[in-house]
Amino acid sequence: MQNTAETGPAAPLDTTPLLDAPYAAYAALREAGPVHRITGTDGQPAWLVTRYDDVRSALADPRLSLDRRHATPGNYRGFSLPPALDANLLNMDPPDHTRIRRLVVKAFTPGRIEALRAPVQRIADELLDAMAARGRAELVTDYAGPLPITVICDLLGIPVERRRDFLAWSDALITPDPSRPQAMKEAIGAMLEFYTGLIAAKRAEPGDDLLSDLIAVRDDTADDPAGDRLSEDELTSLAFLILFAGYENTVQLIGNAVLALLDHPERLAALRRNPAELAPAVEEFLRYDTPASLAIRRFPVEDLDIGGVRIPAGESVLLSIASANRDPERFPDPDRLDPTRELSGHLALGHGIHYCLGAPLARMEAEIAIGALISRFPELRLDVARDEVRHRRTIRARGLISLPVAW
């Protein structure tokens, strides 16, 4: 792929290599230049930033706004979510971002997350019990997916019978089906109806769950003329974001990590011998095959330089977390899976004020899920040829379509 950093916006790069062999494609882009003009995830031109130092700096740069109101008209389309799902932390700058994060961060304290450790272990064990007698499983649908969706739905108080619906809606948003152009719009409408009804039900009969707590915060602050307040749209959007992000990133992390271990049997054997090394290993899994390949798009509020490339105000900027985490200037021999490497600076969970709120929960779920799986099934192996394993075809995220395994 050619470097378009100096040729301007005339010819966006073909992103097909980023779908077929992303890490090789990112390596070529980093070598060619720091910033490239591509066709973004919404079909519109965007600037792609690939090198670690530039990505890390940009993640914390207040001149790069998440608020689409700073986008040049016609420059960005996105999901076109309704206001009741769109008023969330992924579209906000301070002071609104600061206000809402302050209200929500109390739900993700270390104490509250640690209290979930035993329930997460129980869920993992129950899923493995159901799989054990069969001798084989499709790991995404049987384990990596059900575990985080059960955890986050239990946390929010979402009924068991609606969880399968959410999985279908989530897939429609992340990997749209070109043969069904209305599927995404239908999924968005169904999600809005679901969340609106669930909040009404929880408001009428509160439970011992996070959503009921958020509703209480909303109702207690609705008429408060000062201090932190939460609007009804912000409440609904928070419920949407917590469930969506809590599922999507974790299912991809678990699936990618298990595949990486199956590709590196010596690492798998080492983790079985020393389960205490699982926590640092999760950090390497996050770096090595990052679930969120791109950070949320940003819009410069003024003309600015990234890596020596001038980017006009209002144009879409995509920060490649996946590329940054494989940058050899920051991580020597970056294509090698090495849980013993020093990993304090990986960007898989973000950086700056938008650092992932649910990071402690995602880490804990992955540690338990991977540890329980490799302990229960010492002979775990792929149940298909390696070249038959397929990833979702999107540059936005890095996740498996399926992972057939046997033992």
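We use all heavy atoms of the structure for the numbers below, so side chains are in, but hydrogens, waters and symmetry mates are not.
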Please determine if [X] forms a cation-pi arrangement with [Y], meaning its NZ or CZ atom is less than 6.0 Å from the six-membered ring centre and no more than 45° off the ring axis.
X      : Y      : value
Arg68  : Phe299 : no
Arg381 : Trp407 : no
Arg326 : Tyr288 : yes

**OP:** Determine the sole option in His97, Arg297, Arg69 for which the side chain to side chain donor-acceptor pair (under 3.5 Å) test with Asn91 is passed.
**Re:**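 For Asn91, the side chain to side chain donor-acceptor pair (under 3.5 Å) check succeeds only for Arg297.
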Original post:
side-chain contact (heavy atoms from CB on, under 4.5 Å) with Pro291: which of Leu286, Ile254, Ile321?
Top reply: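 Passing option: Leu286.
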**OP:** Measure across Leu128 and Phe377 and return the closest heavy-atom pair with its distance rounded to 0.1 Å.
**Re:**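 Where Leu128 meets Phe377 most closely, the heavy atoms are CD2-CE1, 3.8 Å.
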Original post:
Does the side chain of Thr236 come under 3.5 Å of the side chain of Glu234 through a donor N or O and an acceptor N or O?
Top reply: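 Judged by distance alone, the side chains do not pair up.
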Original post:
Got more than 12 heavy atoms from elsewhere within 6.0 Å of CZ, Arg272?
Top reply: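 Correct, the count exceeds 12.
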Interatomic spacing from [atom1] in [X] to [atom2] in [Y] - rounded to 0.5 Å:
X      : Y      : atom1 : atom2 : answer
His351 : Leu319 : NE2   : CG    : 11.5 Å
Ile311 : Leu304 : CD1   : CG    : 6.0 Å
Asp165 : Ile158 : CG    : CD1   : 11.0 Å

**OP:** Just say parallel, tilted or perpendicular for the rings of Tyr23 and Tyr26, cut-offs at 30° and 60°.
**Re:**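 Ring orientation, 0 to 90° scale: tilted.
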